[in-house]
Each structure stands twice: as C-alpha cells, then as structure tokens.
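Naming convention: chains lettered A, B, ... in sequence-line order (proteins, then strands); numbering from 1 in each chain.
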Amino acid sequence: MNIPLQHGENVLIPIEKMPDGEAKEVKSIIVGHSETGHHHVLDSPQSMRVIEVDDRMYIEVMFEALLSHKKAQDSHDTLTVAPGIWEVHHKLEYNPITKLVGKVFD
Amino acid sequence: MAAILPKAQAYIDRLKAINYDEPYFDEDEVIRHMKRQYDLLGIPCPEIVVADNLVEGYQIIKRMARDTAWNTAWNTAWGMDWNTAWGTAWGTAWDTAWNTAWGTAWDAAWDAARGTAWDTAWDAARDAAYLNTGLGGAGISKFIGIQTEMLEALESGLGFYFPMRDKLVLVPMPRMIISRGRLHFDHGKAVEWNDHTGFYFLHGVKFEEELYWKVVNQELTIADMLTGISSADQRSVALMFAQPEKLLKHLKAKLISTGSKPTRAKEPTKLYEVPDFMGTGTTEYAMTMFCPSTARPFLEWVEPAMGAKGDADLAQAAAFGISKEHYLAILPENEA
C-alpha cells in the first residue's frame with residue numbers, strides 16, 4: 001500500500017477503490033488549483049482515470065506520475081506518485097475574524 | 001429570484017471568460033469596436049489615443065472636457081423603453097453580472113486610479129440585466145447592439161476608456177492576479193501593464209510600494225503596524241503577514257500542544273490558545289508550522305472546537321480533512 005503524500009496544501013491519500021462516478025482519462029490534471037496560476041499538477045506518460053465526486057477528486061494512476069508545482073520561485077519539490085488509487089484533499093483554514101473556513105492557497 | 005435567460009447567461013459567460021491572468025491587447029480590434037459604437041450612437045468618433053496604462057490615460061484626459069455628445073447620445077439611445085426595461089432589469093442576472101464584472105478586480109482597480117472602469121463594467125453588467133428582461137423594443141435592440149460592441153472590445157483587451165470631447169483614450173487591460181476573488185499578490189504588483197506600471201494589492205487592499213515591501217518582507221514590528229499604519233484595512237492585512245512569533249507574543253498566546261511529527265525544518269507543528277482574541281472575549285486557536293519548500297514560518301488559525309482538543313497533530317489532520325493516522329504517515333516533502 002502506498003503512503004500518503006503532501007504537496008503544499010494538498011494531500012494525496014491512498015485508497016483501495018475508485019468511487020462510482022463519471023471518469024475522465026487524462027495525462028495531466030491540476031490537483032491543487034491556485035488562483036495565482038501556481039497550480040499543483042500531476043503528469044503521467046500514461047492516461048490516468050479521474051473521478052470528481054462532491055468536490056473531491058479521485059485519481060487512478062496507472063504508471064509512475066510526477067506531481068509538480070508550477071511556480072518559478074519558492075516552489076515545492078516535484079514528487080513521484082506511484083501507481084494506485086489516490087484521494088485528493090485540500091487544506092482548509094479558519095478565519096477568526098469572519099469565523100468562516102476557506103481553502104488555503106499557496 | 002428571477003431565472004437567467006439564455007441570452008443573458010451567454011453574455012455573463014463571455015464576461016467571465018475574459019482572461020485577466022494573461023490579457024492580450026488587439027489594438028485594431030478594440031478600435032474597430034469602439035468606432036462602431038460611435039457609429040451606432042450616431043456621433044462622430046474623435047481622434048483615438050491608446051495609452052500604455054491607466055495612469056498615463058488619466059494624465060492625458062484630466063484637463064480635457066468630457067464628451068457631452070457621447071453622454072447625450074447614450075442617454076437618449078433608449079427613448080421610452082428605458083423605464084420599462086429598467087424596472088424589470090433587476091434580478092438574478094443583474095447580481096450575477098455585477099459580481100462578475102465589478103465585484104472582484106474592478107472595485108480595487110477603481111480605487112487604485114479613478115477612471116472609467118466603472119462605466120465599462122457597469123454597462124456590461126447592465127446589458128446582461130437588460131438581456132434578461134426579454135424585452136425587444138427598438139431602443140433596447142439598439143442599446144444591446146452598442147453594448148455588444150463594448151463586450152467585444154473588452155474581449156479584445158480593452159481595460160479602460162475615456163470618451164472625451166476631442167479624444168477617445170483607450171487603455172489596455174492590465175494583468176491582474178486575483179486570489180479568492182480579490183486582487184492579491186505577495187511577490188510584486190497584482191495589477192500590471194506591459195510597461196510595468198501597476199499597483200500593489202494584498203487581500204484586495206491597495207498598498208503603496210514602500211509599505212507593501214515592508215509588509216511582505218515582515219520588516220514591521222506589531223507596534224509599527226498598530227501605530228504606524230493609519231488605514232484599518234491595511235493594518236488588518238499587515239497583521240496577517242506578521243512573523244508568527246511576534247504576533248503570538250502580542251496576542252499573549254499560550255502554547256498548549258507540540259506535534260510529534262517534524263516538518264522539513266525539523267520543527268513540529270505547535271498549537272496555541274489565544275484567550276480574549278483581539279479583545280473580543282472569545283478564545284481562538286492558532287498553529288504554527290514551517291513551509292516545506294521555503295522553511296518560512298507561518299501561522300494558520302484553527303476552528304475553535306478542534307483547537308480546544310489541544311492536539312497539534314490532530315489540528316493539522318483536521319485542516320486537511322484526513323485522519324490523524326494518515327497525517328502522521330505523511331513523509332516530509334523532501335523524503336517522499
């Protein structure tokens with residue numbers, strides 16, 4: 001079984017099976033959006049299956065993939081993501097002024 | 001709430017699709033669409049001048065007379081259809097279009113330099129609202145025709161325009177970095193034209209260059225921020241950039257838990273309790289950690305119910321929406 005991976009404000013948790021849902025096949029997918037364009041992108045030489053359910057992304061990686069941060073400076077290391085099924089989580093942060101919880105971006 | 005008609009939705013979608021991250025300026029197309037508006041309004045188009053940026057555009061026009069012919073033609077273009085359409089225009093489409101065209105970058109850009117951005121965005125929003133009325137009078141058709149030209153000018157990279165009596169001054173759309181719906185960039189200008197003129201914004205608040213760099217480089221003490229920054233908005237933002245240890249000391253925070261999982265900088269997460277947060281009487285919780293790529297310390301706030309559990313690792317896991325076991329199993333980024 002793979003071990004969980006963290007890439008900035010995103011965590012990939014290994015799971016055993018894909019959920020039900022409409023799957024798309026891609027060789028590149030943004031796993032962590034950044035509104036400043038500094039996305040966290042997973043690239044694979046072979047198609048990956050991606051299902052999004054209830055604002056959560058699930059990815060079936062067939063062949064070793066690379067998770068990189070599209071930022072010129074202060075970027076995160078590029079990680080190798082092993083074949084397997086992954087559930088993507090994004091970090092949330094509480095704001096003590098507004099009392100609201102929102103996504104963390106980096 | 002009224003539904004959005006397909007035509008209005010299509011208009012809103014086009015507004016949303018305008019790319020602020022990497023704008024391009026097709027000068028010939030913009031000029032063509034602006035001239036077409038004058039033709040439709042039935043007034044002669046004055047000499048067209050293209051400024052490099054909003055500041056230059058404003059410098060050009062500040063001593064010029066506003067084109068009264070333009071204003072008159074616009075105001076009379078509607079005729080009697082105006083009141084009918086106006087009464088039915090308010091509704092979902094208005095709100096949506098308004099939020100799209102105006103609610104994010106435009107208000108901040110407007111604050112940065114007074115121009116006619118308001119007119120542009122407001123007119124675009126108004127057009128979507130009118131399209132949503134489903135009304136089809138001659139005046140409305142004419143107005144929408146004019147406004148479609150405006151939309152196409154925006155799509156071709158127009159950012160601002162100044163319809164003066166003797167000149168029509170056009171300004172390209174700047175690159176705008178928008179985060180969580182607000183202008184925000186902590187590595188430079190959030191609004192910038194090709195000639196590097198631009199404005200600094202943090203969390204939607206405009207900063208002058210000197211103060212901006214002091215804030216993002218964490219060069220200010222908490223006392224500097226509280227006594228030296230007169231704008232309450234700027235002060236609040238500056239506090240968000242304060243060095244965690246300085247802020248926690250100022251807030252009289254108490255360390256209640258140290259995590260067991262070291263980060264890349266070998267320092268684990270630390271969870272703090274902040275009683276009487278900013279004089280509100282409520283207890284808040286914050287955790288400090290180090291960026292895995294830059295090793296820069298930073299602070300995040302924790303939902304009070306989770307913070308009260310007094311477990312730094314659990315607070316981190318909860319922020320990611322994962323179990324503590326999964327969180328503890330994650331390897332540091334440079335070892336994964």
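A pairwise comparison of heavy atoms in A:Pro4 and B:Ile330 identifies CB-CG1, 3.6 Å as the closest pair. Nearest heavy atom pair, residue B:Leu299 against residue A:Glu93, reads O-OE2, 4.0 Å.
Residue B:Thr280: no heavy atom, backbone or side chain, is found under 4.5 Å from chain A. B:Phe320 touches chain A through backbone and side chain together, each having a heavy atom under 4.5 Å away.
For B:Asn194, the CG atom sits in a loose shell: 12 or fewer heavy atoms of surrounding residues, nucleotides or ligands are nearer than 6.0 Å. Residue B:Asn217 places its CG atom among more than 12 non-hydrogen atoms of other residues, nucleotides or ligands, all under 6.0 Å distant. Dense packing is recorded around NZ of B:Lys246, with more than 12 heavy atoms of other residues, nucleotides or ligands lying under 6.0 Å away.
For A:Lys99 and B:Glu303, the salt-bridge test fails: no basic side-chain N is under 4.0 Å from an acidic carboxylate O.
Side-chain contact between A:His89 and B:His326: absent, with no pair of heavy atoms (C-beta onward) separated by less than 4.5 Å.
For the residue pair A:Tyr94/B:Glu300, the side-chain donor-acceptor check at 3.5 Å is not satisfied.
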